[in-house]
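Notes to accompany the following structure.
Below, read A as the first sequence line, B as the second, and so on, with proteins coming before strands; counting in each chain starts at 1. Side-chain atoms are counted along with the backbone in the values below, which use heavy atoms only and exclude waters and symmetry mates.
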2 protein chains.
Amino acid sequence: MTTMQDVARQAGVSLSTVSYALNGNRPIAQETRDRIQAAIDELGYRRNAAARSLAARRSHVLALVLPTVAGGLSGTLGEFAESAAQTARDAGYHLVIWPFDRREHDEVRDLVGQGQADGVLLMEVALDDARVEALASSGVPFTLIGRTRDPEGTSYVDIDFERTITDAVEHLADLGHRTVGFVNHSQRSEVELYGPTVRARDAFLAAAEERHLAPVHVTCDESPVAGRRAALEILVRAPRTTAIITMNESATFGVTSLLRERRIEIPRDMSVVAVVTSSEVGAMYDPPLTSYLAPGRTLGRYAVEELLAALGGPPRRDAPRLVACALAPGGSTGPAPS
Amino acid sequence: MTTMQDVARQAGVSLSTVSYALNGNRPIAQETRDRIQAAIDELGYRRNAAARSLAARRSHVLALVLPTVAGGLSGTLGEFAESAAQTARDAGYHLVIWPFDRREHDEVRDLVGQGQADGVLLMEVALDDARVEALASSGVPFTLIGRTRDPEGTSYVDIDFERTITDAVEHLADLGHRTVGFVNHSQRSEVELYGPTVRARDAFLAAAEERHLAPVHVTCDESPVAGRRAALEILVRAPRTTAIITMNESATFGVTSLLRERRIEIPRDMSVVAVVTSSEVGAMYDPPLTSYLAPGRTLGRYAVEELLAALGGPPRRDAPRLVACALAPGGSTGPAPS
DNA sequence: TTGAAAGCGATACCAT
DNA sequence: ATGGTATCGCTTTCAA
């Protein structure tokens, strides 16, 4: 193994000069710099990460904590992680994945205590989340993906559910729909005050009232079978429903399949909008679903930028914390039937 | 910050005794052990990771290198990553994600050279893959997810495409089908000798011959639109086709939608089998697709076990390297129409 | 603009 | 079964 001392010797300078040349926080004569670079190239030197972390007391690692969700990372989670990793790397950090669910908060504390990460990204945040307090008391900088009940004072980024749902409702209202269904996440998540569920519900009801629509809100487990049941419930509770918004990927295809079975044609008899989803999923249906796409990549980047700012990096001047889903037009929405 | 020295003082033993007690490779009296543990608890001590890595010359990190695929990690990739992270953690390692595609092999070498990881997991391996040689010459232990052309001598785990495809073909043959289509990955991947594409094609043709079936093999880009085209091509080339196997998640729904449009009913007129897929995707169709599920979790575990063995951990005695996809019965297959 | 040297907090060798 | 201590390879303060 070749060390910094070897490089110094080879370049005819002192060890410390090499160190300063490498992390650039001290002016170095160009000629010296060149000699050092030549020595590095010649020896194939690479700075040892552990020694660096020990001396600098920084690991240059960011951790992404995410729950072991059934079915693994969804497509959106994956996009997020990848974009975050990319952004971190550009800033000289590595992104580590720590698969811990909400109850394993002490594990997270342990790792943080070992100095395994300089900062933490926390996904799937609930309105009241024990992990948030655990992190806060441990003293590491951290950024939430999602929001607690009272987000002020904590660093976070999130999907703008209010904006997204409102957009979707307006889209349908503009098409003349008067009775609109909403297929949300599970009732369990609603009871547990999972942020997206609660915010979407409230936004849906508020937007419907604003536009004088009749809202039909149903919760729904994450499965096609449950989706069928949810669609049925909507049809029973409000037979005049002409549009359904779904925020539940697995349920969406249950909804469409029940409609087809009932000879309710999309979009002629019923418009369907999938929100907080991916284009891949939307493209799986025929016609392609009108969708509002989860901004996974954008959030990944924003989240890391937030965290880096907290770590003393460049501040994010008026960079948004909330990102709405963008409309991807599809063939599943149309004017309300007369 | 509290150090090992603090713990030693508090427990009334020497620093080295604490160290040995912690990593357990020297007999320590139970009573001493208890005193040390008490001191640790009292002080809230956690061993510093950087110092540990420096002194032991091991990072206790495993890196998962995966290409920045469009659309992020797919569901299966996510399952794999999560299971691998879990297994690594149980063995005292962390799993880091390094998002690099095939051309960025020197980036991987850099990180390895810095001692950022003790071992590497390489995903999406092509039959000829520059990254493999880069890793081999760098001297880190590594395990491939997938296989190169000549896998002997390298550590790898992979889906057993041959077994999976053969199973699917037999399943259909047993149901009386005589002409069977296969929707593979893209032509590009076939030309580039992407392992799964090539192996699946060959296995399909061989299994069909074995059972005296007429095979119709088509390549297909990863999209529903391409899937429609592929289905059409199959129907044109072999109008008597009564069953289609798809190994292309995005295309599958294009296939089914074209069939529906043509009033070809599943499974009455045409059986459809999705291979190397997830139950989530299968459940999105109505009826649920008969599927062969990608063994993401199993592979994640096996891959880490392989790597740990190469790192001097417990050897994997006759643990398999190849894992076939398991059949998840659905409603999309049935007897061949007469 | 450059150098010397004191740590950083563990591991593991050599003793006892 | 336990202790003393050199060492890992770098960052950073203090001096020149």
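A donor-acceptor pair under 3.5 Å links the side-chain atoms of A:D129 to the main chain of A:A126, judged by distance alone. Counting only distance, with no hydrogens or angles, the side chain of B:E82 and the backbone of B:E79 share no donor-acceptor pair below 3.5 Å. No side-chain donor-acceptor contact under 3.5 Å links B:D158 to the backbone of B:L322.
Relative to the ring axis of B:Y156, B:R321 places its NZ or CZ within 45° and under 6.0 Å from the centre. Under the 6.0 Å distance and 45° angle rule, A:R316 counts as a cation-pi partner of A:Y302.
The shortest distance between side-chain heavy atoms of B:R131 and B:F142 does not fall below 4.5 Å.
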Take B:L15 and B:R9 through the side chain to side chain contact (heavy atoms under 4.5 Å, CB included) test and state the conclusion after the steps.
-> CA-CA 8 Å; B:L15 196 172; B:R9 199 162 15 237; over 6 Å; no
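A:M1 has its CE atom 11 Å from the C1' atom of D:dC10, to the nearest Å. In this structure, the CG atom of A:N23 is 7 Å from the P atom of D:dT12, given to the nearest Å.
Of the N and O atoms on the side chains of A:S137 and A:R109, at least one donor lies less than 3.5 Å from an acceptor on the other residue.
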Using the 3.5 Å cut-off, write out each protein N or O paired with an N or O of nucleotides 2-4 of chain D and the distance between them.
unit_1 : atom_1 : unit_2 : atom_2 : d
D:dT2  : OP1    : B:T32  : OG1    : 2.4
D:dT2  : OP2    : B:A29  : N      : 2.7
D:dT2  : N3     : B:R26  : NH2    : 3.4
D:dT2  : O4     : B:R26  : NH1    : 2.9
D:dT2  : O4     : B:R26  : NH2    : 3.3
D:dG3  : OP2    : B:S14  : N      : 2.8
D:dG3  : OP2    : B:S14  : OG     : 3.4
D:dG3  : OP2    : B:T17  : OG1    : 2.6
D:dG3  : N7     : B:S16  : OG     : 3.2
D:dG3  : N7     : B:R26  : NH2    : 2.9
D:dG3  : O6     : B:R26  : NH1    : 2.7
D:dG3  : O6     : B:R26  : NH2    : 3.3
D:dG4  : N7     : B:S16  : OG     : 3.4
D:dG4  : O6     : B:S16  : OG     : 3.2

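In 5' to 3' order, the nucleotides of DNA chain C bounding all contacts with chain A (an atom under 4.0 Å from a heavy atom) are C:dT1 to C:dG9.
One finds a side-chain N or O of A:S19 lying less than 4.0 angstrom from the OP1 or OP2 phosphate oxygen of D:dT11.
With rounding to the nearest 0.5 Å, the separation of CZ in A:R26 from OG1 in A:T17 is 6.0 Å. Interatomic distance, A:L54 CG to B:R52 CZ, rounded to the nearest 0.5 Å: 14.0 Å.
Contacts between residues 46-63 of chain A and DNA chain C, counted as heavy-atom distances below 4.0 Å, involve A:L54, A:A55, A:R57.
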